[in-house]
Number of protein chains: 2
Amino acid sequence: MTDQSYIQTLRDTGLKVTPQRLSVMRIVLEKPGHFKVEDVYRRIKVSEPTITLATVYNIFKAMTDKGILKSFELDGATWFENNTEVHANLSCENCGKIEDIEIPEIGQLIQKLSNGNYTVRSASIVLKGLCSECTAELSAK
Amino acid sequence: MTDQSYIQTLRDTGLKVTPQRLSVMRIVLEKPGHFKVEDVYRRIKVSEPTITLATVYNIFKAMTDKGILKSFELDGATWFENNTEVHANLSCENCGKIEDIEIPEIGQLIQKLSNGNYTVRSASIVLKGLCSECTAELSAK
DNA sequence: GTACATGCAAATTGTTTGCAAGTAT
DNA sequence: ATACTTGCAAACAATTTGCATGTAC
């Protein structure tokens with residue numbers, strides 16, 4: 001991903017282009033991942049010491065409102081991710097990693113709800129257990 | 001539900017029977033519902049003024065650990081419910097109500113994950129949108 | 001020039017902790 | 001008798017707010 005594409009995304013969604021937003025985007029849009037505000041803030045602060053936590057909060061909120069990111073809550077904190085498709089996030093109680101699980105059927109089930117008696121605008125599916133790696137490792141013994 | 005059944009539940013799960021726990025159970029096990037610690041605390045405090053928020057937190061944690069309740073996070077707070085089956089909670093952005101949605105297939109999908117490459121110990125499915133009532137009302141116009 | 005974004009400090013909200021005193025078993 | 005539970009106050013973590021200054025468009 002290039003800065004040009006980030007700038008395009010901001011323009012497309014009606015957000016102004018600022019160095020702070022580009023800094024955040026370089027971290028959270030570079031590759032699939034899960035991010036906490038505090039962590040991203042600390043990473044950016046190294047090269048841009050004037051940035052504040054409140055600004056990073058603002059940026060995450062703006063990007064989520066515009067559909068660039070998706071958020072979910074886990075253990076008292078908000079996480080952000082660039083995978084905006086309906087999917088499950090599995091939090092591994094062994095290694096701490098968060099793993100995306102694509103479950104195409106779930107997207108369809110939720111779609112079906114929206115065609116029925118409900119209106120569904122967002123879905124957060126958070127699982128706790130063991131990721132694929134830890135499941136394999138611990139059942140191997 | 002009777003106090004006797006609550007006492008039984010506590011004994012069965014290895015929790016001691018205390019007046020504070022019974023007070024909480026009378027509220028959260030009486031009928032299907034969704035509860036925040038703070039709200040339950042305030043309701044109990046009327047008749048038992050010595051109870052503290054920390055105690056109510058303790059009780060919810062103990063009951064959830066024992067599988068009597070289930071929890072999920074929504075808009076920065078933890079909610080508890082007595083429906084311990086896998087289901088979705090839909091938070092209505094119009095009326096504020098939280099509605100249970102039973103989706104039998106989802107339980108099976110998650111079961112399937114657990115039989116596959118993952119180990120799933122808990123699942124939290126939180127939807128935002130419009131509840132059945134508000135969906136009907138707003139599409140009627 | 002105007003509306004939007006940032007930086008900063010302080011406030012707020014939800015939750016946890018440590019510990020002494022009390023109580024269930 | 002012992003381990004668990006409660007009450008209380010204080011601490012903590014995550015997030016939000018208000019406002020002056022700064023910047024994108």
Side-chain angles (χ1 to χ4, degrees), chain A residues 3-4 6-25 34-66 68-69 71-80 91 124 126, chain B residues 3-4 6-25 34-66 68-69 71-80 91 124 126:
Chain A
D3 275 14
Q4 259 321 308
Y6 301 149
I7 291 171
Q8 196 56 49
T9 299
L10 292 172
R11 296 236 158 93
D12 288 349
T13 55
L15 294 173
K16 291 187 174 166
V17 178
T18 69
Q20 293 86 343
R21 284 177 177 167
L22 290 178
S23 293
V24 170
M25 293 175 95
H34 305 85
F35 308 94
K36 283 207 275 197
V37 175
E38 179 84 33
D39 295 337
V40 171
Y41 164 70
R42 265 201 287 264
R43 285 180 58 184
I44 296 178
K45 204 164 170 49
V46 175
S47 51
E48 303 221 35
T50 69
I51 201 169
T52 63
L53 201 44
T55 294
V56 183
Y57 271 101
N58 280 340
I59 293 172
F60 273 109
K61 183 177 186 325
M63 289 176 68
T64 305
D65 287 349
K66 297 299 185 181
I68 303 168
L69 299 177
S71 71
F72 60 93
E73 295 173 60
L74 170 65
D75 293 340
T78 304
W79 289 78
F80 295 86
S91 167
S124 159
V126 178
Chain B
D3 274 13
Q4 260 319 309
Y6 300 149
I7 290 171
Q8 197 56 49
T9 300
L10 291 172
R11 295 236 159 92
D12 288 350
T13 54
L15 294 174
K16 292 187 173 164
V17 178
T18 69
Q20 293 85 345
R21 282 176 179 167
L22 290 178
S23 295
V24 171
M25 293 174 96
H34 304 85
F35 309 93
K36 282 207 274 196
V37 175
E38 180 85 32
D39 295 337
V40 171
Y41 164 69
R42 266 201 286 262
R43 285 180 59 183
I44 296 178
K45 205 166 167 51
V46 175
S47 50
E48 304 219 36
T50 69
I51 201 168
T52 64
L53 200 45
T55 295
V56 183
Y57 270 101
N58 279 342
I59 293 173
F60 273 109
K61 184 180 186 323
M63 290 178 67
T64 304
D65 287 349
K66 297 300 185 182
I68 303 169
L69 299 176
S71 71
F72 60 93
E73 296 173 58
L74 170 64
D75 293 338
T78 304
W79 289 78
F80 294 87
S91 168
S124 160
V126 178

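All values derive from a computational prediction rather than experimental measurement. To find a chain, count down the sequence lines: A is the first, B the second, and so on, and within it residues start at 1.
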Measuring only between side-chain heavy atoms, which start at C-beta, is B/Val37 closer than 4.5 Å to B/Phe80?
yes
Within this structure, what is the CG-to-P distance between A/Asp75 and D/dT15, rounded to whole angstrom?
12 Å
Looking at A/Arg21 and A/Ile59, would you say the former's side chain and the latter's main chain have a donor-acceptor pair under 3.5 Å?
no
Among A/Lys66, A/Lys16, A/Met25, side-chain contact (heavy atoms from CB on, under 4.5 Å) partner for A/Leu10:
A/Met25
Whole-Å distance between C/dT13 P and B/Leu53 CG?
13 Å
Ring geometry between B/Phe72 and B/Trp79 (parallel below 30°, tilted from 30 to 60°, perpendicular above 60°)
parallel
Using every non-hydrogen atom in the two residues, find where A/Val17 and A/Leu22 come nearest and quote the distance to one decimal.
CG1-CD1, 4.1 Å
Please report the distance, rounded to the nearest Å, between CD1 in A/Ile44 and C1' in C/dG7.
14 Å
Report yes if the side chains of B/Asn58 and B/Lys61 come closer than 4.5 Å at any heavy-atom pair, otherwise no.
no
Can you confirm whether B/Arg11 sits close enough to B/Ile7 that some side-chain heavy atom of one is under 4.5 Å from a side-chain heavy atom of the other?
yes
Please state how far atom CZ in A/Arg42 lies from atom C1' in D/dA14, giving the value in whole angstrom units.
12 Å
Can you check the B/Asp65 CG to D/dC4 P distance for me, whole Å?
14 Å
So A/Phe60 and A/Val40, do their side chains get closer than 4.5 Å, heavy atoms only?
yes
Work out how much the helix from C/dG1-D/dC25 to C/dT25-D/dA1 bends between its end axes, five pairs an end, to the nearest 10 degrees.
50°
Please state whether the phosphate of C/dT15, meaning OP1 or OP2, lies under 4.0 angstrom from any side-chain nitrogen or oxygen of B/Tyr57.
yes
Produce the list of close N/O pairs, under 3.5 Å, pairing protein atoms with atoms of nucleotides 5-8 of chain D; give distances to one decimal.
from	atom 1	to	atom 2	distance (Å)
D/dT5	OP1	B/Arg21	NH1	2.7
D/dT5	OP1	B/Arg21	NH2	3.0
D/dT5	O5'	B/Arg21	NH2	3.2
D/dT6	OP1	B/Thr18	OG1	2.7
D/dT6	O3'	B/Gln20	NE2	2.8
D/dG7	OP1	B/Gln20	NE2	3.1
D/dG7	OP1	B/Thr50	OG1	3.0
D/dG7	OP2	B/Thr55	OG1	3.2
D/dG7	O5'	B/Thr50	O	3.4
D/dC8	OP2	B/Thr50	O	3.3

In whole angstrom, what separates B/Leu22's CG from C/dT23's P?
15 Å
Starting at atom CZ of A/Arg11, determine the distance to atom C1' of C/dC4, rounded to an integer number of angstrom.
15 Å
Distance-only side-chain donor-acceptor flag, B/Ser23 / B/Glu48, under 3.5 Å
yes
Distance in angstrom units between A/Leu10 CG and C/dC4 C1', rounded
13 Å
